[in-house]
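Structure first, then comments.
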There are 2 protein chains.
Amino acid sequence: MPYHHGDLRAALIDAAVDAIESDGVDRLSLRDLARRVGVSHAAPAHHFGDRTGLFTAIAADGFDRLVRELVASGGDFVAAGVAYVRFATAEPGRFAVMFRPELLREDDPALAAARDRAGDLLRAGAGAGAGAGAAAGDTRANALAAWSLVHGFATLWNAGAIDAPAGAAPDELARAVASRLFLRGTDAP
Amino acid sequence: MPYHHGDLRAALIDAAVDAIESDGVDRLSLRDLARRVGVSHAAPAHHFGDRTGLFTAIAADGFDRLVRELVASGGDFVAAGVAYVRFATAEPGRFAVMFRPELLREDDPALAAARDRAGDLLRAGAGAGAGAGAAAGDTRANALAAWSLVHGFATLWNAGAIDAPAGAAPDELARAVASRLFLRGTDAP
DNA sequence: AAGGAAACTTGTCAATGCCTAGATTGGTCG
DNA sequence: CGACCAATCTAGGCATTGACAAGTTTCCTT
């Protein structure tokens, strides 16, 4: 094992994401992380400072990934919502950290930038998709409703609170659920 | 200070809820909790066994309180949703634990019972409120959409992710957001 | 080749969770 | 009334952890 790891920072983040996914955030130990990667117990501190720094790095990276998924999904509201849910359920270890301010260094520039990018994207997507059928001026409430819906679904799914048939895909169920929003006159009797 | 505290169990839960609310779940220390209440460092273990036991007790109590709020809100969907949000935002310390399986002893009877009561109530409320205007057979998706919406809103609010005007009441904003669900034909052009 | 910065290690300390054993109290039954 | 007994709480100890300080190895630039 060479003295220099190569890309220890990324390896630590990967290991941390895996550990969070299987055991939860608060059972994550920096020393155990170092053991898994095969470095000394103080190596993580050099890259992240402390626990908070590690979580902050994971969250910033997570928002970047989320942005990429949202962009790739196209502009449509439902598609963006499905992409949001797919990201959250496919990467629960990352998602579990992204909306937990107590765990994060809020003034971190990388985190703030990545989060802002994601926020702009979400607002724009929801406003565009929903604005067509709704009264003007409600776009803020509409965007908030859309974000709340997909965020809540993803959170509940990751918590195991939604009992779906075995093998069901969360993003497909999310599509059915998200389309309940902003039902138009055509669906009414 | 008497040897017997009187109601140490409740006092520990109260102190834990306060601590979680201000510092987050994972910064909660059983020893610090004991110090705040004025008992020895091993006293909490007698009542809860371990950390997981404490969180489980908090969650079970939380679901009981949520059930009471939902019942008191009346049968209407929007009212129940607003009550859900009000509970979650008024008791963030309790809510922060209730949907975190890694923190809980899932097989605890009290927790399972309280959670089931809350679940039944949520399904019934959402189904009744939304069924009127939606196609039959979609009640499951409708209930899920409603629950996801309010849960997501509450989660995002507690995370500080929603930038509302200073002093804004979360449950009022939630009412505006929740009414975006299941818009009927009358609202469409 | 030399020097400095970056990456990583070793050692240490207070604090924590959990375990075992002991002390104190309140109730219960003769 | 008094003796037991279970429940409640205390005391002590151990392995592990996060954070800090100081030293060592490697890489990069000039």
Side-chain angles (χ1 to χ4, degrees), chain A residues 1-20 22-59 61 96-97 100-108 110, chain B residues 1-20 22-59 96-97 100-105 107-108 110:
Chain A
M1 186 77 66
Y3 200 95
H4 278 46
H5 180 280
D7 196 356
L8 179 57
R9 190 188 147 92
L12 285 171
I13 290 185
D14 280 354
V17 168
D18 287 350
I20 293 172
S22 60
D23 293 337
V25 180
D26 41 274
R27 260 186 267 252
L28 179 75
S29 142
L30 292 180
R31 291 174 107 106
D32 179 61
L33 218 59
R35 251 174 263 131
R36 295 195 196 200
V37 179
V39 292
S40 79
H41 69 251
H46 177 258
H47 287 278
F48 305 109
D50 56 3
R51 230 175 116 88
T52 301
L54 170 62
F55 292 142
T56 302
I58 294 177
D61 176 64
V97 165
R100 301 275 302 281
E102 342 89 60
L103 299 179
L104 306 175
R105 207 177 314 279
E106 294 286 330
D107 55 353
D108 182 81
Chain B
M1 187 75 68
Y3 200 94
H4 279 46
H5 179 280
D7 197 356
L8 179 56
R9 190 186 147 93
L12 285 171
I13 291 185
D14 279 354
V17 168
D18 287 350
I20 294 171
S22 60
D23 293 337
V25 179
D26 41 275
R27 258 184 268 249
L28 180 74
S29 141
L30 292 181
R31 288 173 108 106
D32 179 61
L33 218 57
R35 250 174 266 131
R36 294 195 197 199
V37 179
V39 293
S40 80
H41 69 255
H46 176 258
H47 286 278
F48 305 109
D50 57 4
R51 229 174 116 89
T52 301
L54 170 62
F55 292 142
T56 303
I58 294 177
V97 165
R100 301 276 302 281
E102 342 91 60
L103 300 179
L104 306 175
R105 207 177 314 280
D107 55 353
D108 182 80

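In what follows, chains carry the letters A, B, and so on, assigned in the order in which the sequence lines appear, proteins first and then strands, with residues in each chain numbered from 1.
Rounded to a whole Å, the CZ atom of B/R9 is 12 Å from the P atom of D/dC9. The distance between atom NE2 of A/H46 and atom C1' of D/dT24, rounded to the nearest whole Å, is 13 Å. For the pair A/R36 CZ and D/dT17 P, the interatomic distance rounds to 11 Å; values are reported in whole Å. We find that CZ of A/F48 is positioned 13 Å from P of D/dA19, with the value rounded to whole Å.
Between A/D26 and A/R100 no salt bridge is recorded (no basic side-chain N to carboxylate O distance below 4.0 Å). Between B/D50 and B/R105 there is a salt bridge, with a side-chain nitrogen of the basic residue lying less than 4.0 Å from a carboxylate oxygen of the acidic one.
The phosphate of D/dC9 has OP1 or OP2 within less than 4.0 Å of a side-chain N or O from B/H47.
A distance of 12.0 Å separates NE2 in B/H46 from CG in B/L12, rounded to the nearest 0.5 Å. Between the CG atom of A/L30 and the CZ atom of A/R35 there is a distance of 10.5 Å, given to the nearest 0.5 Å.
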ask   = When you check every protein heavy atom under 4.0 Å of nucleotides 10-19 of chain C, what one-letter string (B, S, -) results, 5' to 3'?
value = BBB---SBB-
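In terms of heavy atoms, A/L28 sits closest to A/A19 at CD1-CB, 3.6 Å. Heavy atoms only, all atoms of each residue included: A/I13 and A/F48 are closest at CG1-CZ, 3.8 Å.
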